[in-house]
There are 2 protein chains.
Amino acid sequence: MELSPTAKVILGMLSLSPRSGYEIKSFVDKSTRFFWAASYGQIYPELRKLEAAGLIEGEDAPTGDRKRTVFRLTPAGEQALHDWLRVPPEVLEMRHEGMLKVFFADALGPGERRQRLLDMREQHLEKLAALRAVEAARTKDEDTSTYLILRFGIEFNEWIAEWCERAARELAPEPVNAERSR
Amino acid sequence: MELSPTAKVILGMLSLSPRSGYEIKSFVDKSTRFFWAASYGQIYPELRKLEAAGLIEGEDAPTGDRKRTVFRLTPAGEQALHDWLRVPPEVLEMRHEGMLKVFFADALGPGERRQRLLDMREQHLEKLAALRAVEAARTKDEDTSTYLILRFGIEFNEWIAEWCERAARELAPEPVNAERSR
DNA sequence: AATTTCATGTAATTAGTTACATGATTAT
DNA sequence: ATAATCATGTAACTAATTACATGAAATT
């Protein structure tokens, strides 16, 4: 059974612990968001499909009068997750507008490449700040894979920001400031 | 006028030089592919829309009996490209299955995280080899933005592969080999 | 009292891939 | 002769976002 992109993240999230669609979405936004996003428009229909396929099962768990369904993996769902995890990865796609603008920067004339690099750097510094905030809010999970990936995200964005700074510096030797000034 | 994702790469490619849809596609595959892809199913319909909007114009340039249309930017198209390039980037999306598998690796048990890291490393080594081949085939363009981005791609994939190797080594002190052995 | 968060869902739209179809030209 | 490349395009399908809609509970 071929898993859809959103099925992959849902099954994985439910392997961490049973949870509702809303909780899946909010945890995605604090964790996999920077390399694997998911919206409500994907999550809720996919939860129904996975339940129909017998990979997950939902249980009513309302808070007062507000209805709520918590999903957990079935044995078949756990098996499907394991099967997927053991195969080498295939999907590796990016949509990086900052890089595209640097790539075409020469169309603006010789002086403009530097500013495109600084714009790209700025975007990664913003991502970095968001990930650092997540790191600060977290509680003892040093030995988990989820924390390892958070560290990856932080170091990854640092590396890119530094690469941009270095490339900008090589174009013009003035110091690079943190703020955009235009 | 809001440019579609594919319009951005088409206008940029035509700023490098006039070319056909086929040539746009093959150059994308050798250059922006690793951070901004485009398929024929996107390119040909978008070329028609951009021509209808007056941003590009096509000229018949057949090779013998095989018909062929070469597109170039109009002044309005050049303006649209410049307007887009000068605004800070917004789109920054990834679909990174290797990272997602590392993220959920604990579901397989404690020993499996290492293999997921090595799988992810392998994928980036493959990207790296493809980009190095492009670099070897290229001719004097050291001072262009397109070459800068190629260098970025190479160093970026190197950095990720090394990060994976380092993380795998910290989990188990045996040496990391280039080949998958399972 | 008002705002934010929790909670679930759908409809419309946009984006994108993959497979198919056709045919000329060039290289082996 | 055959295969690879050049060249253009569409149809079917999959994926994904965005906006909308509704309403309860918790917080300020």
Side-chain angles (χ1 to χ4, degrees), chain A residues 1-10 13 18-30 32-52 56 58-71 90-97 100 137, chain B residues 1-10 13 18-30 32-52 56 58-71 90-97 100 137:
Chain A
M1 183 173 351
E2 195 64 25
L3 298 175
S4 75
T6 303
K8 293 168 185 174
V9 74
I10 289 176
M13 287 296 173
R19 57 192 74 190
S20 67
Y22 183 87
E23 288 166 331
I24 289 170
K25 165 70 172 157
S26 54
F27 190 62
V28 161
D29 286 342
K30 295 191 303 180
T32 69
R33 178 69 188 81
F34 80 93
F35 64 92
W36 199 281
S39 64
Y40 289 126
Q42 297 286 125
I43 291 170
Y44 285 113
E46 189 65 36
L47 283 169
R48 301 202 169 281
K49 285 180 205 164
L50 290 170
E51 192 171 34
I56 65 175
E59 190 187 349
D60 281 354
T63 40
D65 249 11
R66 190 208 280 152
K67 67 176 174 179
R68 173 165 169 273
T69 310
V70 166
F71 295 89
E90 287 177 10
V91 181
L92 177 47
E93 298 296 334
M94 262 182 149
R95 266 276 187 268
H96 196 307
E97 197 173 26
L100 196 66
Chain B
M1 180 171 357
E2 195 64 23
L3 298 176
S4 75
T6 302
K8 291 169 186 176
V9 74
I10 289 177
M13 288 294 174
R19 58 191 73 189
S20 67
Y22 183 86
E23 288 167 331
I24 290 170
K25 164 70 172 158
S26 52
F27 190 62
V28 161
D29 285 342
K30 295 191 304 182
T32 69
R33 179 67 186 81
F34 79 92
F35 64 92
W36 199 281
S39 66
Y40 289 126
Q42 295 287 122
I43 291 170
Y44 285 113
E46 189 66 35
L47 283 169
R48 300 201 171 281
K49 284 181 206 164
L50 289 171
E51 193 170 34
I56 66 175
E59 190 186 350
D60 281 354
T63 41
D65 250 12
R66 189 208 282 151
K67 69 177 173 179
R68 174 166 169 272
T69 311
V70 166
F71 294 90
E90 287 177 12
V91 181
L92 177 47
E93 298 295 336
M94 261 181 149
R95 265 279 187 265
H96 196 307
E97 198 174 26
L100 196 66

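Every chain is numbered from 1, with letters handed out A, B, ... down the list of sequences.
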To the nearest Å, give me how far apart CD1 (A:Ile43) and P (C:dG9) are.
12 Å

Return the minimal non-hydrogen interatomic distance between B:Ala37 and A:Glu93, and the atom names on each side.
CB-OE1, 4.4 Å

Provide the closest heavy-atom pair for A:Leu47 versus A:Ile10 in the form atom of the first, atom of the second, distance.
CD2-CG2, 3.8 Å

Could you check how far CD of A:Glu51 sits from P of C:dG9, rounded to whole Å?
10 Å

Which whole-number value in Å describes the distance from B:Glu93 CD to C:dT14 P?
18 Å

Minimum heavy-atom distance A:Leu3-A:Lys8, with the two atoms named
O-CE, 3.6 Å

Okay, side chain of A:Arg33, backbone of A:Ser26: is any donor-acceptor separation there less than 3.5 Å?
no

Round to a whole Å and report the spacing from CZ of A:Phe27 to P of C:dA7.
16 Å

How far does NZ of A:Lys25 sit from CD1 of A:Ile43, to the nearest 0.5 angstrom?
6.0 Å

Only counting residues at least two apart or in another chain, list the ones meeting salt bridge (Lys or Arg N to Asp or Glu O under 4.0 Å) with B:Glu51.
none

Write out a two-atom table: protein N or O, nucleotide N or O from nucleotides 24-28 of chain D, distance below 3.5 Å.
unit_1, atom_1, unit_2, atom_2, d
D:dA24, N3, A:Arg66, NH2, 3.4
D:dA25, OP1, A:Asp65, N, 2.5
D:dA25, O4', A:Arg66, NH2, 2.7

To the nearest Å, how far apart are B:Trp36 CH2 and C:dA15 P?
10 Å

What are the two closest non-hydrogen atoms of B:Tyr22 and B:Tyr44, and how far apart are they?
N-OH, 3.4 Å

Measure NZ/A:Lys49 against C1'/D:dA15 and give the value in whole Å, please.
9 Å

Look at A:Ser4 and D:dA15 and indicate whether a side-chain polar atom (N or O) is within less than 4.0 Å of OP1 or OP2.
no

In whole angstrom, what separates A:Glu2's CD from D:dA15's P?
9 Å

Return yes if some donor-acceptor pair links the side-chain N/O of B:Glu97 with the main-chain N/O of A:Glu90 below 3.5 Å, else return no.
yes

With a non-hydrogen cut-off below 4.0 angstrom, is A:Ser26 in contact with a base, only sugar-phosphate, or nothing?
nothing

Partners passing salt bridge (Lys or Arg N to Asp or Glu O under 4.0 Å) against A:Arg68 (at least two apart in sequence or in another chain):
A:Glu23

Just N and O in the side chain of A:Tyr22: are any of them under 4.0 Å from OP1 or OP2 of C:dT8?
no

Note the angle between the end axes of the helix from C:dA1-D:dT28 to C:dT28-D:dA1, five pairs defining each, rounded to 10 degrees.
40°

OP1 or OP2 of D:dA16 sitting under 4.0 Å from any side-chain N/O of B:Arg95?
yes

What pairs with A:Ser4 under side-chain contact (heavy atoms from CB on, under 4.5 Å), at least two apart in sequence or on another chain?
A:Thr6, A:Ala7, A:Glu46

Could you label the plane-to-plane angle of the A:His96 and B:Phe35 rings as parallel, tilted or perpendicular, counting under 30° as parallel and over 60° as perpendicular?
perpendicular

Rounding to an integer number of Å, can you tell me how far A:Arg68 CZ sits from D:dT22 C1'?
19 Å

For A:Gly21 and B:Thr6, find the nucleotide of DNA chain C closest to each by heavy atoms; which residue's nucleotide sits nearer the 5' end?
A:Gly21

Between A:Ala38 and A:Val28, which heavy-atom pair has the shortest distance, and what is it?
N-CG1, 4.0 Å

So which protein N/O to nucleotides 18-20 of chain C N/O distances come out below 3.5 Å?
none

Between C:dA7, D:dA7, C:dA15, which nucleotide gets closest to the side-chain atoms of B:Pro5?
C:dA15

